[in-house]
Each structure stands twice: as C-alpha cells, then as structure tokens.
2 protein chains.
Amino acid sequence: MSTPERLIESTRELLWERGYVGTSPKAIQQHAGAGQGSMYHHFAGKPDLALAAIRRTAEELRRTVDDVLGGDGPAYARVEAYLLRERDVLRGCPVGRLTMDPDVIADDTLRAPVTETLDWLRDRLAGIVREGRERGEFAASLDPHRTASLIVATVQGGYVLARASGSPAAFEAGVRGLLALLASAGPDDTTTQ
Amino acid sequence: MSTPERLIESTRELLWERGYVGTSPKAIQQHAGAGQGSMYHHFAGKPDLALAAIRRTAEELRRTVDDVLGGDGPAYARVEAYLLRERDVLRGCPVGRLTMDPDVIADDTLRAPVTETLDWLRDRLAGIVREGRERGEFAASLDPHRTASLIVATVQGGYVLARASGSPAAFEAGVRGLLALLASAGPDDTTTQ
DNA sequence: GTCTATATTGGGATAGAC
DNA sequence: GTCTATCCCAATATAGAC
C-alpha cells in the first residue's frame with residue numbers, strides 16, 4: 001500500500017478507536033509507519049487527513065448497508081437483515097461515534113459526511129418501510145420516517161449499551177425488542193394508531 | 001460555592017461538552033476560577049476529579065429518572081413521560097457519551113458508574129414494562145428486558161441522530177416511532193409473537 | 001489552602017536538507 | 001517523497017514558598 005493509503009487507513013482505525021480529539025498526528029504516523037515529513041507532504045494536516053478518512057469510512061458504510069438492504073424480499077426481512085447483520089458491536093459505529101467528537105461537530109467540513117451518511121441511512125430505511133406499507137406488509141399507520149429514525153437510533157444506542165456493559169448482548173437485546181414490535185405491526189394490527 | 005465544589009461542577013460540564021479525552025486540567029481550572037495548586041490540593045489528578053464528577057452526574061440522572069418514572073399511572077404513560085421528558089437533546093446524554101471515551105472505558109474505576117447507571121436505568125424500565133404486562137396493559141408476549149433495552153437505546157441513539165443533523169427533530173422522530181409501536185403492543189394485539 | 005516555579009512529554013506543525 | 005531539525009504551546013503533573 002502507498003504511504004498516503006496507509007496514512008488514511010491508519011487514521012480510519014484510530015478515529016474509530018479513539019475519536020478525533022483522541023487521535024494525534026504522531027500516533028497516525030507511527031501506526032502507518034510513516035515519518036513526520038511524509039505525512040505533511042501528502043496531507044495539509046490533521047483535519048485534512050481526518051476528512052479523507054471519514055469520507056472513506058462513510059462510503060464504506062453505505063456500500064455495506066446497500067449490500068444488506070439491496071434485496072427485494074419483504075420489508076420486514078430486509079430490516080431484520082440490516083439489524084442482525086454482523087457487526088463489531090463493541091467498537092461501535094465508526095460514523096456515529098464522531099457525533100460525540102466536539103471538534104468534528106464544530107467543523108462543518110468534517111461534520112458534513114457524518115450528517116449526510118446518517119441522513120442517507122435513515123432515508124434508505126424509510127423507503128423500505130414505505131414500500132412495505134404500500135404492499136400491505138406493514139400497518140398503514142406506520143410512519144416511515146419515524147420508524148426509520150427508530151431503527152437507526154436503536155442501532156446507535158445499542159452500541160452505547162454494549163460498550164457500557166462490555167458485552168454485545170445489550171445491543172442484541174435492544175434489536176430483538178425492536179424486531180418483536182415491528183413483527184407485531186403487521187396490517188392486521190387494528191390497535192395501531 | 002467552595003473550590004472543590006466549583007472544580008467538580010466545572011469538570012461535569014466539560015466532560016459533558018468535550019468528553020474525558022478532550023478535557024484538560026487547565027481547562028477545568030480556568031472554568032472553575034481555581035489555580036493549579038488548588039486543584040491538586042483537593043484532588044489527586046484528572047482521573048480522581050473526573051470520577052467525582054461522573055459519580056455526581058450519574059446520581060443526578062438517577063434522581064431525574066426516578067422523578068419522571070416514579071408515578072403509579074399506566075405503564076405506557078410512564079414510559080411516555082420518560083421518553084418525552086425535557087432534555088437538552090443536542091448536548092446528548094452526560095453518562096452515555098462517556099461510553100465513546102476510550103480512556104473511560106479502559107479504566108474500570110471510571111467506567112463503573114457508567115455501567116451501573118445504564119444497567120439501573122434499563123432494569124428500572126424493565127420493571128415498569130413487566131408491571132404493565134402483568135396488569136394486562138401490554139401484550140403478554142412483550143419481553144420486559146428487551147423492550148427496556150430498546151427504550152434506552154432509542155434515547156441514546158436519538159442523541160446521535162440529533163447531533164448529526166444539528167436538530168432535536170431527529171431525536172423526536174425516533175421517540176415518536178417507538179411510542180407508536182408501543183401503543184400498538186396492547187393486550188388486544190394478537191399479531192404480537 | 002492557594003500560589004508560583006519548574007519539569008517532562010506530547011500535540012501539531014514548518015523548514016530545509018537529502 | 002522522505003528525513004531530521006526545530007519551534008511553540010498544551011497536557012499533566014510535582015515542589016516548595018506563602
């Protein structure tokens with residue numbers, strides 16, 4: 001791998017592990033096996049390198065989600081596939097965790113890919129819920145936007161619970177709770193309001 | 001307020017705003033209007049001060065939750081009250097955000113109050129769901145532990161969405177999505193499995 | 001209890017040689 | 001392109017005077 005590549009990949013990992021504030025240029029260089037001058041030759045500085053790393057992580061997340069959501073089965077099954085997909089639960093979401101980074105949130109350029117990715121994810125899920133509703137798989141009363149927000153929040157919050165308890169079980173519990181409620185939101189459900 | 005008090009309160013605010021990694025002793029001192037020596041006279045160092053701050057924040061959260069959850073109305077209403085309680089949404093959860101702090105998670109002493117608080121919160125909600133189920137307010141099939149995990153995850157993840165988009169609306173959307181599903185999980189709901 | 005002085009390491013970067 | 005030297009300031013303390 002080229003030096004710029006190694007620098008970006010190292011930044012991605014450190015950003016995931018320690019966040020933006022907790023990641024120093026020196027740590028990146030050491031992880032990448034690159035010298036000081038080398039890093040500053042290829043990138044303007046820490047924010048520039050972080051931007052490249054965040055963009056790539058965001059792209060990768062979209063591809064992964066598209067893979068798991070791309071089928072044409074029933075809406076419930078696609079949402080289920082998304083929720084149950086393999087994850088490195090204890091590491092958390094490499095995009096979502098950046099929202100807790102004050103210096104990322106304060107910088108419009110760094111923040112943009114985070115905003116866009118989570119917006120995209122929610123809208124993608126909302127489309128699937130809407131489809132399911134139109135096909136009569138979900139109750140007509142199920143709000144696609146709100147339900148999609150709930151799905152994304154469950155995942156993001158599941159990471160918080162898992163990291164707090166030190167176990168993926170907490171993530172799993174929340175996801176199972178959501179799936180049970182979604183399963184009960186079929187078109188036959190007359191109590192849904 | 002005494003100097004130790006001001007130091008603890010300042011640490012609480014900075015921890016909430018910038019996290020543990022992003023909070024320096026110097027910043028705390030300036031925020032508290034205390035000198036270097038003064039801080040090290042009252043506290044052993046950054047971890048010691050952070051522990052005092054985290055413990056107090058955790059206690060405060062428990063009291064707040066107890067206040068809103070303490071009534072004796074229907075289970076749904078109590079959960080609703082919890083979900084709709086006033087929050088500083090864009091600041092996020094002062095306890096939950098610490099799970100994204102690598103130095104907190106790596107230190108058992110700092111991490112303990114975080115683990116305990118989120119465990120306690122989930123168990124408290126599980127108890128309410130269980131009560132509601134026993135009273136016939138919720139479907140018998142509703143799993144208390146999983147549902148409680150879902151509720152906590154929705155809130156924690158709602159903060160992520162809100163901070164990503166820069167608006168509390170995203171938090172609200174997820175919560176509304178959850179409330180709609182919970183409302184449909186009454187005892188009459190025969191589709192719940 | 002609080003202050004100032006001092007110390008070590010790291011953060012984040014620029015300059016210029018090779 | 002990469003390396004080393006250098007810079008300045010912040011992070012996180014300790015020591016000892018007041």
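Numbered from 1 within each chain, the chains take letters A, B, ... in sequence-line order. For clarity, every value in this text was computed on a predicted model and none was experimentally measured.
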Which residues pass the side-chain hydrogen bond (donor to acceptor under 3.5 Å, both in side chains) test with B:E60, not counting sequence neighbours?
B:R12
Which ILVMFWY residues can you reach from B:M39 by hopping between side chains whose heavy atoms are under 4.5 Å apart?
B:L7, B:I8, B:L14, B:I28, B:Y40, B:F43, B:L49
Can you list everything that forms a side-chain hydrogen bond (donor to acceptor under 3.5 Å, both in side chains) with B:R62? Sequence neighbours excluded, please.
none
Under the salt bridge (Lys or Arg N to Asp or Glu O under 4.0 Å) test, residues paired with A:R111 that sit two or more places apart
none
5' to 3' contact window, DNA chain C with chain A (heavy-atom distance under 4.0 Å):
C:dG11 to C:dT14
For nucleotides 8-13 of chain D, 5' to 3', base contacts (B), sugar-phosphate-only contacts (S) and non-contacts (-) with protein non-hydrogen atoms under 4.0 Å give ---SSB
How would you label the contact of A:G35 with the nucleic acid (heavy atoms, under 4.0 Å): base, sugar-phosphate, or nothing?
sugar-phosphate
Counterpart residues, side-chain contact (heavy atoms from CB on, under 4.5 Å), relative to B:L84 (two or more places apart)
B:E80, B:V175, B:R176, B:L179
Report the residues that fulfil ring pair (Phe, Tyr, Trp, His ring centres under 6.0 Å) with B:Y159, sequence neighbours left out, ordered by chain and then residue number.
B:F171
Tell me, please, whether A:Y82 has A:R87 positioned over its six-membered ring: NZ or CZ under 6.0 Å from the ring centre and within 45 degrees of its axis?
yes
Contacts of type salt bridge (Lys or Arg N to Asp or Glu O under 4.0 Å), residue A:R6, not counting sequence neighbours
none
Expected list for residues 4-20 of chain A near DNA chain D, using heavy atoms below 4.0 Å, is none
Checking B:D123 now: which residues fulfil side-chain contact (heavy atoms from CB on, under 4.5 Å) with it, not counting sequence neighbours?
none
Set of salt bridge (Lys or Arg N to Asp or Glu O under 4.0 Å) partners for A:D48, sequence neighbours left out:
none
